[in-house]
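See structure below.
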Amino acid sequence: MAQFWKPGTERPPLLDDEDGGILLYSASSSSSGYGYVSIEKQRQRLPVFKYRTAILYLVETHATTIVVGETGSGKTTQIPQFLKEAGWADGGRVIACTQPRRLAVQAVASRVAEEMGVKLGEEVGYTIRFEDLTDRDSTRIKFLTDGVLLREMMEDPLLTKYSVIMVDEAHERSISTDVLLGLLKKIQRRRPELRLIISSATIEAKSMAAFFHTSKKRRGLGGEDCVPKTEPAILSVEGRGFNVQIFYVEEPVSDYIQAAVSTVMSIHDQEPMGDILVFLTGQDDIDAAVRLLTEEAQSNRKSSSGLVVLPLYSGLSRADQDLVFSPIPRGKRKVVIATNIAETSLTLEGVSYVVDSGFSKQRFYNPISDIENLVVAPISKASARQRAGRAGRVRPGKCYRLYSEEYFVKEMSAEGIPEMQRSNLVSCVIQLKALGIDNILGFDWPASPSPEAMIRALEVLYSLGVLDDDAKLTSPAGFQVAEIPLDPMVSKMILASNQLGCSEEIITIAAILSIQSIWVSVRGQQKDLDEAKLRFAAAEGDHVTFLNVYKGFLQSGKSPKWCNKNFVNYQAMRKVLEIREQLKRIAQRIGIVLKSCESDMQAVRKAVTAGFFANACNLEAFSHNGMYKTIRSTQEVYIHPSSVLFRVNPKWVIYHSLVSTDRQYMRNVISIDPSWLIEAAPHFYQHHQPNSIPH
DNA sequence: GAGCACTGC
């Protein structure tokens with residue numbers, strides 16, 4: 001049983017103003033309201049309300065304002081309204097506010113429309129992929145995902161219709177937020193009248209300020225008077241969360257799953273009612289913990305009979321995810337065992353206790369091997385605080401950290417590594433190229449990726465023929481690929497399908513490859529799923545199998561019942577239809593003729609080869625265990641058991657992606673004829689392996 | 001015969 005001690009509650013984050021030019025405001029904590037009050041009263045009770053004048057003053061006088069706001073401060077809903085009231089949307093101008101997630105965009109936009117008493121889609125609107133609820137003439141406040149704003153830049157590089165752009169949740173450091181920040185900094189030099197508001201967590205504020213503090217002279221249009229100060233202002237707004245008491249273990253735990261289970265049991269035995277939220281790393285951990293807690297409940301009926309244990313991760317079906325929000329019988333205590341999904345994406349009300357393992361799964365990218373891996377790694381202090389905060393949303397709570405205070409203070413890093421530095425950069429680089437950023441290596445990022453990663457991305461794009469010898473976008477292929485919102489290798493496959501006469505099929509495949517999985521997630525029904533898959537299995541491989549599933553789905557009249565019977569995920573298929581429609585529109589716009597190759601699967605396989613030639617593998621001549629080697633780097637790889645080609649082992653295959661566990665497994669595999677490789681990418685293969693491919 | 005943190009265009 002883990003032992004905890006309480007060295008004191010976490011202090012609210014403070015900012016000092018030791019740096020010249022940085023402004024600091026602070027005010028006493030606000031009271032939280034009860035009872036039924038008008039919308040206007042509710043607005044006035046938000047902590048951000050008393051900073052209204054300060055915010056408007058700072059935005060007027062500074063090119064960039066950094067707002068440090070805890071959850072519940074009201075910054076996201078109020079600041080755009082303050083700006084509108086102050087005239088920033090006059091003269092046809094628009095105030096933009098970006099979010100990393102679609103759901104947040106929709107939620108915030110409808111809240112603001114409600115507060116302003118207007119119909120959503122008119123004065124207040126939002127844009128996310130597949131959904132544009134704005135009006136060209138009347139929308140004054142627009143919420144959008146940062147990815148959508150990046151796409152808008154391809155039409156209007158200076159984002160001229162916006163007077164103020166607020167980038168919310170910038171501390172999350174997603175790739176699109178970072179790219180957006182880098183580009184906005186560039187735009188500022190051309191548009192001194194543009195104002196930026198960066199909303200960030202405390203820890204990041206100063207590095208963000210340093211990034212936007214440029215000594216370079218602006219190309220201002222007017223005199224000195226109308227040019228805002230270039231050094232960013234920082235303003236801190238307190239949140240409205242409740243105090244969360246932090247407990248640490250005295251000694252490091254060797255098994256965080258067991259420790260989490262014991263901690264839940266002791267909370268249940270000793271603490272007053274209130275739900276428990278446990279942060280673990282992934283499905284395996286979570287299922288194990290759920291099992292252990294259930295066993296515990298059976299062996300120790302008295303203390304644990306009152307527990308309702310629920311798992312929560314994105315792989316669960318919608319219905320299973322919704323269970324965590326449904327009410328439970330009176331007198332019972334809810335325990336939700338979750339991945340990072342509960343850290344930012346989903347908010348559970350009523351949680352009073354958080355158990356934090358200190359770990360999460362994180363993506364890491366090795367530019368040398370060009371492989372992305374998922375690794376269990378320690379979280380950052382920022383994450384730990386975010387997790388703890390989940391216990392104090394409705395009343396004071398407690399957070400039990402399964403690591404020592406010494407570890408937290410001395411060893412845990414302050415912030416996580418930005419996604420930018422942990423990812424493959426091909427999509428990101430082509431997008432910058434399309435925006436006319438020629439010098440990628442010299443681009444001013446909020447966090448620079450490694451030169452190796454950037455060079456690798458440039459190499460891949462060059463090999464795809466979308467960049468030329470001068471690293472400029474080729475015409476038309478480069479521009480077409482940049483236009484398609486998919487991984488460039490997938491986009492290249494779509495371009496190739498035009499010449500091969502199979503664009504209808506390839507667009508379907510591209511849509512399916514861009515979602516997680518078309519199969520329902522099963523536990524204990526693996527055999528049934530495998531049998532269902534066999535009904536669609538194609539000798540050519542997984543891509544062609546996908547086509548069979550899609551065809552069956554259409555023939556069923558897009559029936560949910562049909563999906564159920566065939567272990568196909570109906571929600572996923574709906575998404576496929578949506579993506580497919582978008583891809584069709586874009587394809588037609590860039591001059592791709594929609595055409596079906598009917599049953600000519602050779603055309604389909606050739607198109608896949610045109611995009612994914614770099615992932616070609618050859619079965620080892622005397623391999624009895626299905627070992628393949630990649631042509632590019634002679635790395636050992638195996639066909640994943642979920643593939644229809646598992647145990648079939650064709651001599652030559654191309655994979656869509658690798659997953660690495662104890663072995664490197666190829667997921668989504670298609671068989672090819674090696675002569676197509678040289679057809680598709682002569683430069684690539686003649687240079688790499690002149691003798692290994694038969695002509 | 002095995003495994004999928006989380007977003008997003």
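So you know, we letter chains A, B, ... as the sequences are listed, proteins then strands, and number each from 1. These numbers were taken from a predicted model, which means no experiment stands behind them.
Residue-level contact check: Ile128(A) touches the backbone only, with heavy atoms under 4.0 Å from sugar-phosphate atoms and none from bases. Using a 4.0 Å heavy-atom cutoff across all strands shown, Ser174(A) reaches no nucleic acid atom at all. Arg101(A) comes within 4.0 angstrom of sugar-phosphate atoms only, judged by non-hydrogen atoms across all strands, and of no base.
The separation between Leu486(A) atom CG and dC9(B) atom P is 12 Å, rounded to whole Å. Across the protein-nucleic acid pair, Leu144(A) atom CG and dC9(B) atom C1' stand 12 Å apart, rounded to whole Å. Rounded to whole angstrom, the span from the CD atom of Glu131(A) across to the C1' atom of dC9(B) amounts to 14 Å. Straight-line distance from the CG atom of Leu432(A) to the C1' atom of dC9(B): 14 Å, rounded to whole Å. As a whole-Å value, the separation of Ile515(A) CD1 from dG8(B) P is 14 Å.
Legend: residues meeting salt bridge (Lys or Arg N to Asp or Glu O under 4.0 Å) with Arg393(A), ordered by chain and number and at least two apart, are Glu349(A). Under the side-chain hydrogen bond (donor to acceptor under 3.5 Å, both in side chains) criterion, Asp156(A) pairs with Thr160(A), sequence neighbours left out. Applying the side-chain contact (heavy atoms from CB on, under 4.5 Å) rule to Leu619(A) yields the partners Tyr628(A), Asn649(A); only residues at least two apart in sequence or on another chain are considered. With sequence neighbours left out, the salt bridge (Lys or Arg N to Asp or Glu O under 4.0 Å) criterion links Arg101(A) to Glu172(A).
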For residues 480-487 of chain A, which side-chain N or O atoms pair as donor and acceptor with protein atoms under 3.5 Å away, sequence neighbours left out?
unit_1, atom_1, unit_2, atom_2, d
Gln480(A), NE2, Ile590(A), O, 3.0
Glu483(A), OE2, Arg589(A), NH2, 2.8
Asp487(A), OD1, Met489(A), N, 2.7

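The aromatic rings of Tyr665(A) and His640(A) stand perpendicular to each other, their planes meeting at an angle above 60°, with 30° marking the opposite boundary.
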*What one-letter contact string describes nucleotides 1-6 of chain B from 5' to 3', where B marks a base within less than 4.0 Å of any protein heavy atom, S marks contact via sugar-phosphate atoms alone, and - marks no contact?*
BBBBBB

